[in-house]
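Okay, so here's the structure we're looking at.
Each chain gets a letter, A, B and so on, in the order its sequence line appears, and its residues count up from 1. Predicted model only: the values in this text are computed from it and were never measured.
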Number of protein chains: 2
Amino acid sequence: MSRTDAAPGLPPTAALLPVTVDVVGLTVRAGVLQVLLVRRLLEPFAGALALPGGFVLPDETLEAAAARELAEETGVAPPGHLEQLRTYGPLDRDPRGPVVSVAHLLLAPAFGLPAAGGDAVEVAWHDVGPLLSRGGGGRTLAFDHERILADGVERARAKLEYSALATAFCGPEFTVADLRAVYEAVWDVQLDPRNFHRKATGTPGFLEETGRTTSGGTGRPAALYRLAAAAQDPGAVVLNPPLMRPDA
Amino acid sequence: MSRTDAAPGLPPTAALLPVTVDVVGLTVRAGVLQVLLVRRLLEPFAGALALPGGFVLPDETLEAAAARELAEETGVAPPGHLEQLRTYGPLDRDPRGPVVSVAHLLLAPAFGLPAAGGDAVEVAWHDVGPLLSRGGGGRTLAFDHERILADGVERARAKLEYSALATAFCGPEFTVADLRAVYEAVWDVQLDPRNFHRKATGTPGFLEETGRTTSGGTGRPAALYRLAAAAQDPGAVVLNPPLMRPDA
DNA sequence: ACAAAAGTGTTTAGGTTACACCCATGT
DNA sequence: ACATGGGTGTAACCTAAACACTTTTGT
């Protein structure tokens, strides 16, 4: 590995390492938790599924790099909530040598992807369940991305309990049932609609009525809510008391 | 910044960055939360207090680098629990240029430090309170270490609620009062000794009686406990129900 | 009228808080 | 004997789980 002759001022013991960002992009579609994956075109792991990501450029922050890679690989500026997850490496990750990867977590509504099939990178939503079930056999994702995905899913599960991050999976306006579907998909549990409704609408600083209602579906129209206006970042909203996931 | 001509196989767009580890080393002494700080001898920020840390070597993991830097700067192999905190940078952190820093969190009993005063680095425990109070005026720590410290303290506070990490601040055997002192120092609250005792001893998978008791102090001797034997890593123990910190 | 989903009220069980009280030791 | 902290019991309160019930729409 090269030494720091290119970075004047740093001590000669400083090693330079390649730094990448990887993104665990989660969404809820059709009541199921899904993750954004790309098909790798190059070695190593050519043909395998992997998390979107790439190398950090010298003049950008880590979060900017994550957002840029997402935009490049999906073709759209991704909506939703982006936060840092944790950092992996640099050993035993990439057969080419030591690489540090700063993983990020994106929680977003199911946004459209450019029709896969051109010569662009193949990128699509995949159900999370089969990727994490240990019974499924060997490695299903490239590098250590299976572990990073597991860490990302666990982070998302934990954060739904005590923050307003579930709203990041919804559009700007949503019903209590929409929100409950997010909790049920991420936690993989069934929640009582009546108790959930009382808890969600009763938690101060969480939801705000828009005044509008849904129409067209079967059954009574539902009131539309948005994230409380005081909250800029849904990840910063502290739910007190928290919405606890069931033990089972 | 240099390109990756030294790392064959990596694409030419990959930038190499200096990667450091910094450690927020917390302990509880005399009922107060304290942090391990070093006095910087070199520019930048010569003379200022900083978190211990240094550059990652090319052939070690991030956690190994954190443990090595701690051992080098304190002169002893640090006990306690070490985990990754989060990653900062690379922009606007170091006047010498872009640097990525992977911060770690150490929770440990108050271990002895080599008598400061030789030609070694000056390293000592400092009260956390004054370093984080915003009223204290300007920057008290080098680089962005004040923010990293704040993040580390917040992480420690949160983890005491739902994990057995408070035991990492104690020695191998401790009384319930010792453990309560940890919670009171980290959370900066007063807890009811009777209710805390019931909660701590009644939480399954948390504490285990050694059979021994203290002696010598005033008052009735206290039973000595250790972390439940089933737990290898106190950070992995899930307290259910959690020990919640008071609202105030 | 009926089905379906939204939303409210009520009961009950379990956990937390506050505090009265007893226990075991040093002085 | 008394002070000091360790440890147990208990009643009031609070929250959440379970579920009966009402409301409002589409068909």
Show your reasoning for whether side-chain contact (heavy atoms from CB on, under 4.5 Å) applies to F111(B) and T27(B). CA-CA 9 Å; F111(B) 55 91; T27(B) 198; over 6 Å; no
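Between H145(B) and F143(B), the ring planes are tilted. Angles from 30° to 60° get that label.
Side-chain atoms of V23(B) and L51(B), non-hydrogen and from C-beta on, never get closer than 4.5 Å to each other. Between L26(A) and L33(A) there is a side-chain heavy-atom pair separated by less than 4.5 Å. Taking 4.5 Å as the limit, every side-chain heavy atom of V176(B) sits out of range of all side-chain heavy atoms of P193(B).
Of the N and O atoms on the side chains of D151(A) and Y88(A), at least one donor lies less than 3.5 Å from an acceptor on the other residue.
One atom, NE2 of H197(A), and another, P of dA16(D), lie 16 Å apart when rounded to the nearest Å. The distance from atom CZ of R180(B) to atom C1' of dG6(D) is 10 Å, rounded to the nearest whole Å. Rounded to whole Å, atom C1' of dA16(D) lies 13 Å from atom CG of L191(A). Computed from coordinates, the E184(B) CD to dG5(D) C1' distance equals 14 Å when rounded to whole Å. Atom NZ of K199(A) and atom C1' of dA18(D) are 15 Å apart (whole Å). Atom CG of N195(A) is separated from atom C1' of dC21(D) by 14 Å (rounded to the nearest Å). Between the CZ atom of R212(A) and the P atom of dT24(D) there is a distance of 20 Å, given to the nearest Å. As rounded to whole Å, 15 Å separates atom C1' of dA17(D) from atom CD of Q190(A).
Listed for the T214(B) side chain is a donor-acceptor partner under 3.5 Å among the backbone atoms of A222(B). Between the R86(B) side chain and the A103(B) main chain, no donor and acceptor come within less than 3.5 Å of each other. Checking side-chain atoms of E69(B) against main-chain N and O of P52(B) turns up no donor-acceptor pair under 3.5 Å.
The 5' end of DNA chain C is approached more closely, in terms of each residue's nearest nucleotide, by R194(A) than by the other of R194(A) and T213(B). Where A177(B) and T218(A) meet DNA chain D, the nucleotide closest to each residue was compared, and A177(B) sits on the side nearer the 5' end. If you find the closest nucleotide of DNA chain D to R220(A) and to R198(A), the one lying nearer the 5' end belongs to R198(A).
Scanning DNA chain C 5' to 3' for nucleotides with an atom closer than 4.0 angstrom to a non-hydrogen atom of chain A gives a first and last hit of dA4(C) to dT10(C).
One end of the helix from dA1(C)-dT27(D) to dT27(C)-dA1(D) points its axis 10° away from the other end's axis, with each axis taken from 5 pairs and the angle rounded to 10°.
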